[in-house]
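Here's a structure for you.
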Amino acid sequence: MKINGFALLAAVAVQLAILGSMVAAKGPARFSNDPVYLQVAPYDPYSILSGYYATLTYRIAWIDTVPGWDDSLLAQTVYVELSPDENGAYSARYVHAEFPRDGEIAEDARIIRGTSTSRGVVYGIETYFVPETERETVETALRERPGEVFAEVGIDRRGVAALRTLHLNGIPGSH
Amino acid sequence: MAGNANPSDRFLRQLRTEISAWTAEGLIDGNTADALHRRYRLDALPHSGGSRAFLFTVYIIGATLIGGGIISFVAANWAFLPAPVKVTGLVALLLGLHGLGYYLALPAQNRPGLAQAAFLAGAFAFGACIGLFSQIFHLEGHFSTGFGLWALGIAFTAFAVRSIPIAHLALAVSLIAYFGQVFDRGESIWWYLPLVTCLGLGFAYWTRVPLTGTATLLVAIAATLGTVATSHYNPSNEFFVTAVGLSLLLLGLSYLPHAPLGSRTLGLTLAALTAYSTSFLGGGREFVRAMGSREISEILTEHYLLPIAFLLSALFWGAAGGLGILRRGLSPLVVLALSGNGLLLAAWIAQRPFGFTVAANLATAMLAAGMLWQGAHRGERITYWSGLSLAGLLIASRFLEYDTGLLVKSAVFIGCGVAVVIGGLRFEQQVRTQETAP
């Protein structure tokens, strides 16, 4: 059996490129330094390939009462301006149809990009894979103490968001 | 080495057995036996083809189990390790398994079975990597996207290391991805069918493994019929044209060297089923009415499956014509199947309900007659009985369908039944006579 080493190397390189490209799309958001904290609500189906995961929804998914919203934005890309409360949790302040220019938003505000649907805005941070050993803990927290569960989310300069982790007992460092 | 520079393994194994027998019988002495062993490198020959195949099977089963274990381990979500360690570990496993396969395949090691097993385990590890990366980075996406990326990645490995098990795994995984898209998301991928057919058949031809060709055809047929079944408009038209296209494709493929196993049988079966299922008068009316006022060109170009099916058929027929048909000639049964398909297409294009029904009945009868003739002529039991069943089914269907008197029906049924029994008995008698002839 004769194996062409270069062909094998190229095939493995393709596999690594596929894995790299999966991560690269959200790399800047994932590794940004200033996360935002969003309150979540749960739902947990089962993934064939990846074990248990929770499908999350956020308070900021419902923006039809937020200033800037109008029905023509349905099924469009929207840029939601987030601002923090006194505990550090972010909520929607304004809805933009285009990415706002510098000076158009408050200094402590952040912009997150999403797609508005009839079931709320989808930000690409709705899936959280739950470690098997922590499944019950996470499930219990989401069911019994949803007000204390916060998602730590990184957002890059284009508004692309990446889910980092869940905090089950409130925002770290807040009182 | 004079004579044949590359004698087959089968010849070499036979030679080794003969040398042992010649030595035992005193025809040659030990020195001559050793010289022959050296000349044909018989000591490097694996002990037997059977044991080698068995070992290979054991290795593949082992690799599949290890692969399943890796995926389960990943699905358990590996909570106790930090993300960078997980990523490094998975990439190391991926590289390690491929490296191990390469090492085992080196001439110095000469362990091709184990090497293929390591590559297969590597293919499973790649699938596990996709799942784990989704976990670690909480990446969203439909499960079919993960399976699609898995199939794409290991398809490259299958070609790089000429691995038949990985090629079959890639085919299966790609079909799961495709069905996930079509059934779960309701989205069609127009390029799936031509891509998988070209890559799978190309791989089968390159490796000279007809089984891979058959697996590719089954995947292509499953994907086509799955798409047609979920089509949003006039599924009967799409189903008909696609079935005729696939039948032509399969019949054409069967004339290629290293043709996929069973491609002619599949093509003939599909032709017979298409002709019979469209031979009902009521169905024919509905069928033609479904076309409405649309032009044929509109129907053909409106949906990608139809032109693709015909394009592939034409391509493979072209190849078959150059490579096989001129050398071996078409069998009368294949000629009848092609004529039947042609007749059906012509009637379909003419959009005459009654004409279409007549054409479908004629096509079915032609196929039944062809099967009966070939079965009797060549002594092929299955072909003969298939033809007899098709003929009986056609006649029975027409008399159940049309409004005729009970007495006539009764007489025709009895007549058909007696004819079938007599025909069958005469055929069996003829086959037995041929088998017992000196």
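To find a chain, count down the sequence lines: A is the first, B the second, and so on, and within it residues start at 1.
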### Message
Just verifying a value: how many Å separate H138(B) NE2 and F129(A) CZ, rounded to the nearest 0.5 Å?
### Response
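One finds 8.5 Å between NE2 of H138(B) and CZ of F129(A).
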### Query
Would one find more than 12 heavy atoms of other residues, nucleotides or ligands at under 6.0 Å from atom CZ of R59(A)?
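Atom CZ in R59(A) is not crowded, with 12 or fewer foreign heavy atoms closer than 6.0 Å.
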### Task
Could you walk me through whether L95(B) and V12(A) pass side-chain contact (heavy atoms from CB on, under 4.5 Å), step by step?
CA-CA 7 Å; L95(B) 295 175; V12(A) 175; 3.4 Å; yes
### Task
Give every residue pair that meets the ring pair (Phe, Tyr, Trp, His ring centres under 6.0 Å) criterion with at least one member in residues 75-94 of chain A, sequence neighbours excluded.
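Counting only pairs at least two positions apart or across chains, the ring pair (Phe, Tyr, Trp, His ring centres under 6.0 Å) contacts touching residues 75-94 of chain A are Y79(A)-F99(A), Y94(A)-H96(A).
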### Query
Heavy atoms under 4.5 Å from chain A: which residues of residues 169-176 of chain B carry them?
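Within residues 169-176 of chain B, near chain A: nothing under 4.5 Å.
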### Query
By a 4.5 Å heavy-atom criterion (distance strictly below it), what part of L104(B) contacts chain A: side chain, backbone, both, or neither?
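Interface part for L104(B): neither.
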### Task
Look at A10(A), S21(A), A11(A), A162(A) and state which one has the largest set of heavy-atom pairs under 4.5 Å with chain B.
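Answer, by heavy-atom pair count under 4.5 Å with chain B: A11(A).
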### Query
Listed by residue number, which members of residues 115-125 of chain A have a heavy atom under 4.5 Å from any heavy atom of chain B?
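From residues 115-125 of chain A, the residues near chain B are G124(A), I125(A).
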#### Entry: Heavy-atom side-chain contact between L163(A) and F137(B) under 4.5 Å
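No. Closest side-chain heavy atoms not under 4.5 Å.
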Identify all side-chain donor-acceptor contacts of residues 13-20 of chain A below 3.5 Å with residues at least two apart in sequence or on another chain.
{"residue": "Q15(A)", "atom": "NE2", "partner": "G153(B)", "partner atom": "O", "Å": "3.3"}
{"residue": "Q15(A)", "atom": "NE2", "partner": "T157(B)", "partner atom": "OG1", "Å": "2.8"}

### Query
With only heavy atoms counted, which part of V91(B) is less than 4.5 Å from chain A, the side chain, the backbone, both or neither?
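The side chain, not the backbone.
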### Query
In Å, rounded to the nearest 0.5 Å, how long is the span from CG of L8(A) to CZ of F159(B)?
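It comes to 15.0 Å.
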